[in-house]
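Labels below follow one simple rule: chain letters A, B, ... track the order of the sequence lines, proteins then strands, and each chain is numbered from 1. Keep in mind that the numbers below use all heavy atoms, side chains included, and drop hydrogens, waters and symmetry copies.
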2 protein chains.
Amino acid sequence: MKNRMRMVNKVRLYRTYYQWTQQELAERVGVRRETILFLEKGKYNPSLYLAWELARTFRVKIEDLFDLIER
Amino acid sequence: MKNRMRMVNKVRLYRTYYQWTQQELAERVGVRRETILFLEKGKYNPSLYLAWELARTFRVKIEDLFDLIER
DNA sequence: ACAATATATTAGAAATACATAACAGAAATA
DNA sequence: TATTTCTGTTATGTATTTCTAATATATTGT
């Protein structure tokens, strides 16, 4: 979509803060473990649904969890 | 979990507030006019990228533009 | 009424999020 | 060391978002 912007996130940051495994977080938000892994690795960007669930699980705003920065 | 929740948005509300056509808004956020139409009609939910661009364009938070409610 | 513009509908293609599964290496722990 | 758990990789399949284009209807202005 936007070629000059790139999405970064703090999923791993918050997950390790809560001391959850990828599997634990995956179950909490209702996705597969690999989905969490790929998100953390920046291999793909989430849907708004998933972003919402993650932010809710971490008790933060979506804008705090995800950020759009210059490439 | 995901099935008992449904996403609503204020895209049409903010678009008409700014007196933009679907075409105008589409150009501002970099998508097709039909994408805006389907979003307003709730025919599909946006990517986080698009949600971000829309919120930025309307100068609101993503959580203000989109809401996850009980079905 | 006529013309121009905005919105709506449909269908198919393209792109990508996410699922699923199998396996491998790293790290922790007994 | 041996075993378990966690993380990473790859490959393939499915579902959904978005694009594209064509056409139809509604709305607005002259």
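Looking only at side-chain heavy atoms (C-beta outward), Leu54(B) and Asn9(B) stay at 4.5 Å or farther from each other. No side-chain heavy atom of Trp20(A) sits under 4.5 Å from any side-chain heavy atom of Ile36(A). Taking 4.5 Å as the limit, some side-chain heavy atom of Leu39(A) sits within range of a side-chain heavy atom of Pro46(A). Counting heavy atoms from C-beta outward, Leu50(A) and Thr35(A) have side chains that approach closer than 4.5 Å.
Taken over five-pair windows at either terminus, the axes of the helix from dA1(C)-dT30(D) to dA30(C)-dT1(D) are inclined to one another by 50° (rounded to 10 degrees).
Nearest-nucleotide positions on DNA chain C place Glu40(B) closer to the 5' end than the other of Leu48(A) and Glu40(B).
Side-chain atoms of Tyr44(B) never come within 3.5 Å of backbone atoms of Phe38(B) as a donor-acceptor pair (strictly under, hydrogens ignored).
Regarding Glu53(B), its CD atom lies at a distance of 15 Å from the C1' atom of dT18(D), rounded to whole Å. Going from atom CG of Leu39(B) over to atom C1' of dC19(D) covers 13 Å, rounded to whole Å. Taking atom CG on Leu25(A) and atom C1' on dT7(D), their separation rounds to 14 Å, with Å as the unit. In this structure, Glu27(A) places its CD atom 17 Å from P of dC18(C), rounding to the nearest Å. Atom pair Ile36(A):CD1 and dA17(C):P shows a separation of 14 Å (rounding to whole Å applied). Counting to the nearest Å, the C1' atom of dT20(C) and the CD atom of Gln23(A) are 13 Å from each other.
Residue Gln22(B) places at least one side-chain N or O under 4.0 Å from the OP1 or OP2 atom of dA8(C). OP1 or OP2 of dT20(D) has at least one side-chain nitrogen or oxygen of Arg32(B) nearer than 4.0 Å.
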Please output the side-chain donor-acceptor pairs of residues 60-67 of chain A that fall under 3.5 Å, not counting sequence neighbours, one pair per line with the distance.
from	atom 1	to	atom 2	distance (Å)
Glu63(A)	OE2	Ile62(B)	N	2.8
Asp64(A)	OD1	Lys10(A)	NZ	2.9
Asp64(A)	OD2	Tyr14(A)	OH	2.7

Taking protein heavy atoms under 4.0 Å as touching, what does nucleotides 25-30 of chain C look like 5' to 3' if B marks base contact, S marks sugar-phosphate-only contact and - marks none?
------
In B/S/- notation, 5' to 3', how is nucleotides 23-30 of chain D contacted by protein heavy atoms closer than 4.0 Å?
--------
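The CD atom of Glu27(A) lies 11.0 Å from the CZ atom of Arg33(A); values are rounded to the nearest 0.5 Å. Within the model, atoms CD of Glu53(A) and CG of Leu25(A) stand 11.0 Å from one another, a figure rounded to the nearest 0.5 Å.
In terms of heavy atoms, Tyr49(A) sits closest to Arg6(B) at OH-CA, 4.1 Å.
Met5(A) and Leu48(B) end up in the same hydrophobic cluster when Ile, Leu, Val, Met, Phe, Trp and Tyr side chains are linked at under 4.5 Å. By the criterion of side-chain heavy atoms lying less than 4.5 angstrom apart, applied directly or through intervening Ile, Leu, Val, Met, Phe, Trp or Tyr residues, Leu13(B) is not grouped with Tyr17(B); the two fall into different hydrophobic clusters.
Residues passing the side-chain hydrogen bond (donor to acceptor under 3.5 Å, both in side chains) test with Glu24(A), sequence neighbours excluded: none. Annotation: side chain to side chain contact (heavy atoms under 4.5 Å, CB included) contacts of Thr16(A) (sequence neighbours excluded): Arg12(A). Not a single salt bridge (Lys or Arg N to Asp or Glu O under 4.0 Å) links Glu34(B) to another residue, sequence neighbours left out.
At a non-hydrogen distance threshold of 4.0 Å, Arg12(B), Arg15(B) from residues 10-18 of chain B come into contact with DNA chain C.
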Pull out every protein N or O sitting under 3.5 Å from an N or O of nucleotides 10-17 of chain D, one pair per line with the distance.
from	atom 1	to	atom 2	distance (Å)
dT17(D)	OP1	Asn45(B)	N	3.3
dT17(D)	O5'	Asn45(B)	O	3.1

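Identified under the salt bridge (charged side-chain N to carboxylate O under 4.0 Å, His left out) test for residues 14-23 of chain B, with sequence neighbours left out: Arg15(B)-Glu40(B).
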